[in-house]
Undergrad: 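Got a structure for you, questions after.
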Amino acid sequence: MNDTFTRNSWYFRNALVRANYTHIPKGVYETTEYVELFLRNLLLDEHNELHNRALHISGLLKQNEGKPHQANNGIEAVLLEKGINLSGKKKTQVHKLFEEFGFEQIFGRSNIMKILELKATAASNLISILYHADIIEHVFGYGKGKYKFKKQ
């Protein structure tokens, strides 16, 4: 177990930073995916590749440079207006969904499962949280269980 820490201590440190770093105007959001890879190697004896270059945000910053980020005027404004304070992981999930669907596209549980790599129960729980927080709304005429982000 200590070998994993010894070989990957710098990666782990950087993964913790990425798990807590958000720069909304540049479209960079906190993510636990890198910490999760490290812990899966440590605890489950998996062999995920842990490279510091995967943690760099400089490419994201250049990619989004000069472009207004959709979440800047979109979902972040909705969250702020409603005074909703989601956990880091949930907030990251909401941003990923919003980047995929925006205010106009309709989605359901299966879309959420695919995009966020969640199981059915976790996707349903996220829908419930977002619906009760008044972030998404039911859409009728497209089948059961369809939603879209609600504009305020």
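What you are looking at is a predicted structure, and each value in this text was computed from that prediction instead of being measured. Note: hydrogens, waters and symmetry copies are ignored here, and every other heavy atom, side chains too, is used.
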Undergrad: List in chain and number order the residues that pass salt bridge (Lys or Arg N to Asp or Glu O under 4.0 Å) with Glu49, two or more places apart in sequence or in another chain; answer none if no residue qualifies.
TA: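 Listed in chain order: nothing, the list is empty.
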Undergrad: Say you draw a straight line from NZ of Lys148 to CD1 of Ile135; how long is it, rounded to the nearest 0.5 Å?
TA: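 One gets 15.5 Å once the value is rounded to the nearest 0.5 Å.
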Undergrad: Checking Asp45 side chain against Asn41 main chain: does a donor-acceptor pair fall under 3.5 Å?
TA: no
Undergrad: Under 4.5 Å between any side-chain heavy atoms of Thr32 and Arg18, yes or no?
TA: no
Undergrad: Same hydrophobic cluster for Val139 and Leu97, using side-chain heavy-atom links shorter than 4.5 Å among ILVMFWY?
TA: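 No, Val139 and Leu97 fall in different hydrophobic clusters.
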Undergrad: Transitively linked via ILVMFWY side-chain contacts under 4.5 Å: Ile136 with Ile106?
TA: no
Undergrad: Calculate, to the nearest 0.5 Å, the distance between atoms CG and NZ belonging to Leu116 and Lys89 respectively.
TA: 10.0 Å
Undergrad: If I compare all heavy atoms of Asn20 with all of Leu16, which pair ends up nearest, and what's the gap?
TA: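 Closest approach of Asn20 to Leu16, heavy atoms only: ND2-O, 2.9 Å.
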Undergrad: Just so I know, are the side chains of Leu39 and Leu42 near enough to count as touching, which here means a heavy-atom distance under 4.5 Å?
TA: yes
Undergrad: Among all residues two or more places apart in sequence or in another chain, which pass the salt bridge (Lys or Arg N to Asp or Glu O under 4.0 Å) test with Glu117?
TA: none
Undergrad: Drop me the distance from Phe107's CZ to Tyr147's OH, to the nearest 0.5 angstrom.
TA: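 Here the rounded value is 9.0 Å.
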Undergrad: Looking at Lys90 and Leu126, what are the two nearest heavy atoms and their distance?
TA: CD-CD1, 3.7 Å
Undergrad: Minimum heavy-atom separation for Val35 and Ala15, please, with both atom names.
TA: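 So the two residues come closest at CG2-O, 3.4 Å.
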Undergrad: Applying salt bridge (Lys or Arg N to Asp or Glu O under 4.0 Å), name anything that partners Arg40, two or more places apart in sequence or on another chain.
TA: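 In terms of salt bridge (Lys or Arg N to Asp or Glu O under 4.0 Å), with neighbours along the sequence ignored, Arg40 is linked to Glu46.
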Undergrad: Grouping I, L, V, M, F, W and Y whenever their side-chain heavy atoms are under 4.5 Å apart, do Phe103 and Phe101 come out in a common cluster?
TA: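 They do share one cluster, since a chain of ILVMFWY contacts under 4.5 Å joins Phe103 to Phe101.
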Undergrad: Counting C-beta onward and ignoring hydrogens, is there a side-chain heavy-atom pair between His95 and Lys91 closer than 4.5 Å?
TA: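 When only atoms from C-beta onward are counted, Lys91 and His95 do touch, with a gap below 4.5 Å.
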Undergrad: What heavy-atom pair brings Glu137 and Lys150 nearest, and what distance separates the two atoms?
TA: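 Between these two residues, the closest heavy atoms are OE1-CG, 3.8 Å.
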Undergrad: Could you tell me whether the side chain of Asn14 and the main chain of Tyr11 form a donor-acceptor pair under 3.5 Å?
TA: no
Undergrad: Strictly distance-based, threshold 3.5 Å: is any side-chain N or O of Ser128 a donor or acceptor partner for the main-chain N or O of Ser124?
TA: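 Answer holds: no.
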Undergrad: Do Ile115 and Tyr142 land in one hydrophobic cluster if side-chain heavy atoms of ILVMFWY residues count as linked below 4.5 Å?
TA: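 Unlinked, Ile115 and Tyr142 end up in two clusters.
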Undergrad: Heavy atoms, side chains only, cut-off 4.5 Å: are His138 and Tyr131 in contact?
TA: yes
Undergrad: Given side chains that start at C-beta, do those of Leu37 and Glu33 come closer than 4.5 Å, heavy atoms only?
TA: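 SC-SC contact between Leu37 and Glu33 ruled out.
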Undergrad: Could you report the tightest heavy-atom contact between Met113 and Ala123, atom names first, then the distance?
TA: CG-CB, 3.5 Å
Undergrad: Tell me whether the centres of the aromatic rings in Phe98 and Phe149 are closer together than 6.0 Å.
TA: yes
Undergrad: How long is the straight-line distance from NZ of Lys114 back to CZ of Arg109, given to the nearest 0.5 Å?
TA: 16.0 Å
